[in-house]
Amino acid sequence: MTAQIDAATLKAWLGEEREIALVDVSEHGQYGSGHPFFAVPLPYSRFELDLPALVPNPAVRLVLCDLGDGIAARAAARAAASGYRDVHILTGGKPAWRQAGYTLFAGVNVPSKTFGELIAHARDTPRISAHAVRTMRDAQENFVIVDGRPFAEFRKMSIPGGICCPNGELALRIRDMAPDPATKIVINCAGRTRSIIGAQTLLDLGIPNPVFALENGTQGWFLAGLELEHGALRRHSDRVGSSDITELQARALRFARARSVVDVAPAVAQAWLRDPTRTTYLLDVRTAEDVAKRAVPGFRHAPGGQLIQATDAWIGVKGARMVLADDELVRAPVVAGWLRQLGHEACVLDGGLAAAATLDWPRPQPPSLPAPPRITATELARVLDDAAVQIIDLRPAMTFRQGHIAQARWSIRPRIAAAASRGIKTVLVADERSVATLSALDLREAGITDIRLLAGDVAAWRDAGLPIVTTPDHPADADCIDFLFFVHRRHEGDVEAARQYLAWETGLLDQLDPQERGAFRVATGL
């Protein structure tokens, strides 16, 4: 039986130096509604798929929490079946954590977001308002707007005239974007964190240009009554002059050394990977385009800017080691310098990608489970009038609302066994076969054995000329446990959601207790 621990014990464990993985198995919307500060999200709907990458050492102390609804116990059984040997459940889940007097934090990527606010306060990062930028544009001043988000986010909405250069690329690309030292550089993101971190990166690297963070990013622009651009394609050049690389490396090295970043030899990294008492992550911080040209087996792609912005998407173990690699020794040192300040044991692989290719270790893999047999769209259409058939759609709730088979019901793995009727054929609809496979596992354990998977998803149904229906209000908001409304609706012209989000970000620091605040190690300068 999995060990149960109370909130006070968990709180004490989180203050120890020993590694610990606190995993919240609630679905995305439930996680975003409240969770312990150090909890990382891994919804039960994807649990076995993502656990090996998020928590790669099966010997680590693993604590699972939920809403007190029994999902953590189900996840614990899955973890044990996958070889995890030190699994615990928070008794009473997150409600018990709150009852013990500890804070539940709303939102996602909370440690990284909190860190951004801490940097802004501790370093007094220069900022500029949307109206001030608009005035600079009207006056035709010498400035450039640099968007620190990934290109996909930039394309959705951006500041007019802005150029996409994700934060992890700034140290390498900014000289090409602003070669004139007199050019003012304005860094923006969707809200605050990446604007702050991007601007402070350039300042700490000693860039001679005047540098500012756009206050509140694209949301601040929108709330100021200014129009955003949609579908922009401007992005940084991939060219880096060979004459520049030595100076860029020197700047990055100074930045990293001032934050206690060390280089680790390949032999040492290899020994770390074979040490069963510690967890080591291998992370490639280059762009997706770089990785597509030359991937390194064993290294997980984690674009540098996003790794800082959403560390808990890649790192599930508090106190683990991180080994970062790139191919020019500029990006990895800078990213490692920020991760150090976030409280992580981050280092840079000596020798970069060439050294990375020499490392050999059995990277953890998700379990291999049998997928349900498939049924084609035309076969399903022929039996739809049979009362002994039920269709359960497992795609995201917002995707279901946009279009689904009329007879389908929406559900999600934690609730699917309760939603399904026994004794009839069950057809699953999913945009990921592996997600359906996990739900089928729960259905079989509930006694439902006649399970099929719609081949080709809803697209195959549509391509066969079969009808699709939309239900903008179904499932009801309260049932959409995989969707965090206040985070997403801020980008849909919802003024109140945008204001709520910005108030959430700026209010994070006031919620910290000494243990949580003590996790960070903010550098005071270069």
Side-chain angles (χ1 to χ4, degrees), residues 27-29 43-50 150-157 230-231 233 288-289 292 301 366 368-416 419-421 424-444 448 450-477 479-485 488-489 491-492:
E27 296 305 308
H28 182 69
Y44 181 64
S45 57
R46 301 188 56 86
F47 187 72
E48 299 96 313
L49 300 179
D50 298 338
F151 188 60
E153 284 190 56
F154 172 79
R155 285 197 64 185
K156 290 180 181 177
M157 76 286 185
H230 301 279
L233 300 176
E289 293 81 6
H301 179 223
S368 178
L369 298 172
R374 299 194 178 195
I375 183 172
T376 67
T378 52
E379 289 170 337
L380 177 57
R382 283 199 297 267
V383 298
L384 263 187
D385 292 334
D386 187 344
V389 176
Q390 60 184 337
I391 304 174
I392 300 179
D393 195 322
L394 297 170
R395 296 173 304 147
M398 295 300 111
T399 303
F400 180 90
R401 284 181 172 186
Q402 293 166 6
H404 58 269
I405 301 169
Q407 293 85 348
R409 288 178 290 160
W410 182 80
S411 190
I412 195 166
R413 188 187 185 190
R415 297 178 174 180
I416 191 170
S421 301
I424 62 176
K425 184 190 299 291
T426 301
V427 177
L428 302 179
V429 179
D431 50 15
E432 289 185 72
R433 183 181 181 185
S434 53
V435 169
T437 296
L438 295 183
S439 289
L441 182 63
D442 285 55
L443 286 173
R444 291 190 191 98
I448 299 171
D450 191 353
I451 307 169
R452 300 288 188 273
L453 174 63
L454 177 62
D457 187 15
V458 170
W461 184 268
R462 183 184 289 107
D463 292 344
L466 298 166
I468 297 292
V469 298
T470 61
T471 52
D473 300 315
H474 179 75
D477 288 1
D479 293 326
C480 298
I481 61 175
D482 63 336
F483 191 78
L484 188 56
F485 286 90
H488 294 283
R489 284 184 170 169
H491 298 315
E492 298 173 357

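If you read the sequence from its start, that first residue is 1, and numbering goes on from there. Only a predicted model underlies this, so the values are computations on that prediction, with no experimental measurement involved.
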Any side-chain heavy atom of Val429 within less than 4.5 Å of one from Leu394?
no
What closest approach, in Å, do Val458 and Gly403 show between heavy atoms, and which atom pair accounts for it?
CG1-O, 4.5 Å
Value for OG1 (Thr399) from CG (Asp482), rounded to nearest 0.5 Å, stands at 8.5 Å
Is any side-chain heavy atom of Leu428 less than 4.5 Å from a side-chain heavy atom of Ile416?
yes
Got a sec, which residues hit side-chain contact (heavy atoms from CB on, under 4.5 Å) with Leu384, two or more places apart in sequence or on another chain?
Leu380, Ile391, Gln407, Trp461
Closest non-hydrogen atoms of Ser411 and Ile392, given as atom of the first, atom of the second and distance, are CB-CG2, 3.7 Å
Do Leu438 and Leu369 have side chains that approach each other closer than 4.5 Å (heavy atoms only, starting at C-beta)?
yes
Scan residues 396-405 for pairs that pass salt bridge (Lys or Arg N to Asp or Glu O under 4.0 Å), counting only residues two or more places apart or in two chains.
Arg401-Asp477
Any side-chain heavy-atom pair from Phe47 and Arg413 closer than 4.5 angstrom?
yes
Who passes side-chain contact (heavy atoms from CB on, under 4.5 Å) against Ala460, sequence neighbours left out?
none
With sequence neighbours left out, the residues meeting side chain to side chain donor-acceptor pair (under 3.5 Å) with Asp457 are none
Closest non-hydrogen atom pair, Ile448 against Ala420
CD1-CB, 3.4 Å
His28 side chain to Phe483 main-chain N or O, any donor-acceptor pair under 3.5 Å?
no
Taking all atoms of both residues into account, what is the closest heavy-atom pair of Asp431 and Pro396, and its distance?
OD2-CD, 3.6 Å
Would you sort out whether His230 and Lys156 count as a side chain to side chain contact (heavy atoms under 4.5 Å, CB included), showing the intermediate values?
CA-CA 5 Å; His230 301 279; Lys156 290 180 181 177; 5.8 Å; no
Output all residues satisfying ring pair (Phe, Tyr, Trp, His ring centres under 6.0 Å) with Phe151, sequence neighbours left out; order by chain, then residue number.
none
Using the side chain to side chain donor-acceptor pair (under 3.5 Å) criterion, which residues pair with Thr426? Sequence neighbours excluded.
Gln390
Measure the CD-CD1 distance between Glu27 and Ile412 for me, rounded to the nearest 0.5 Å.
3.5 Å
Could you tell me if the side chain of Ile424 sits less than 4.5 Å from the side chain of Asp450, heavy atoms only?
no
Which residues pass the side-chain contact (heavy atoms from CB on, under 4.5 Å) test with Pro372, sequence neighbours left out?
Thr437, Ala440, Arg444, Ile451, Leu453
List the steps and the verdict of side chain to side chain contact (heavy atoms under 4.5 Å, CB included) for Arg155 and Leu233.
CA-CA 7 Å; Arg155 285 197 64 185; Leu233 300 176; 3.5 Å; yes
CG of Asp479 to CZ of Arg415, rounded to nearest 0.5 Å, is 6.0 Å
Any residue meeting side chain to side chain donor-acceptor pair (under 3.5 Å) with Thr376, in chain and number order, not counting sequence neighbours:
Thr378, Glu379
Mind checking side-chain contact (heavy atoms from CB on, under 4.5 Å) for Ala459 and listing every partner two or more places apart, or none if nothing turns up?
none
Between Glu48 and Pro366, is there a donor-acceptor pair closer than 3.5 Å when you use the side chain of the first and the backbone of the second?
no
Is the closest side-chain heavy-atom distance between Arg433 and Arg374 below 4.5 Å?
yes
Measure the shortest side-chain to side-chain distance between Arg395 and Val435 over non-hydrogen atoms and say whether it is less than 4.5 angstrom.
no
I'd like to check the side chain to side chain donor-acceptor pair (under 3.5 Å) partners of Asp50; sequence neighbours left out, ordered by chain and number.
Arg46
Glu153: which residues meet the salt bridge (charged side-chain N to carboxylate O under 4.0 Å, His left out) condition with it, sequence neighbours left out?
Arg194
Does any non-hydrogen side-chain atom of Pro373 lie less than 4.5 Å from one of Ile375?
no
Shortest non-hydrogen contact from Pro475 to Trp410?
CG-CE3, 3.9 Å
Which residues share a ring pair (Phe, Tyr, Trp, His ring centres under 6.0 Å) with His404, sequence neighbours left out:
Phe400
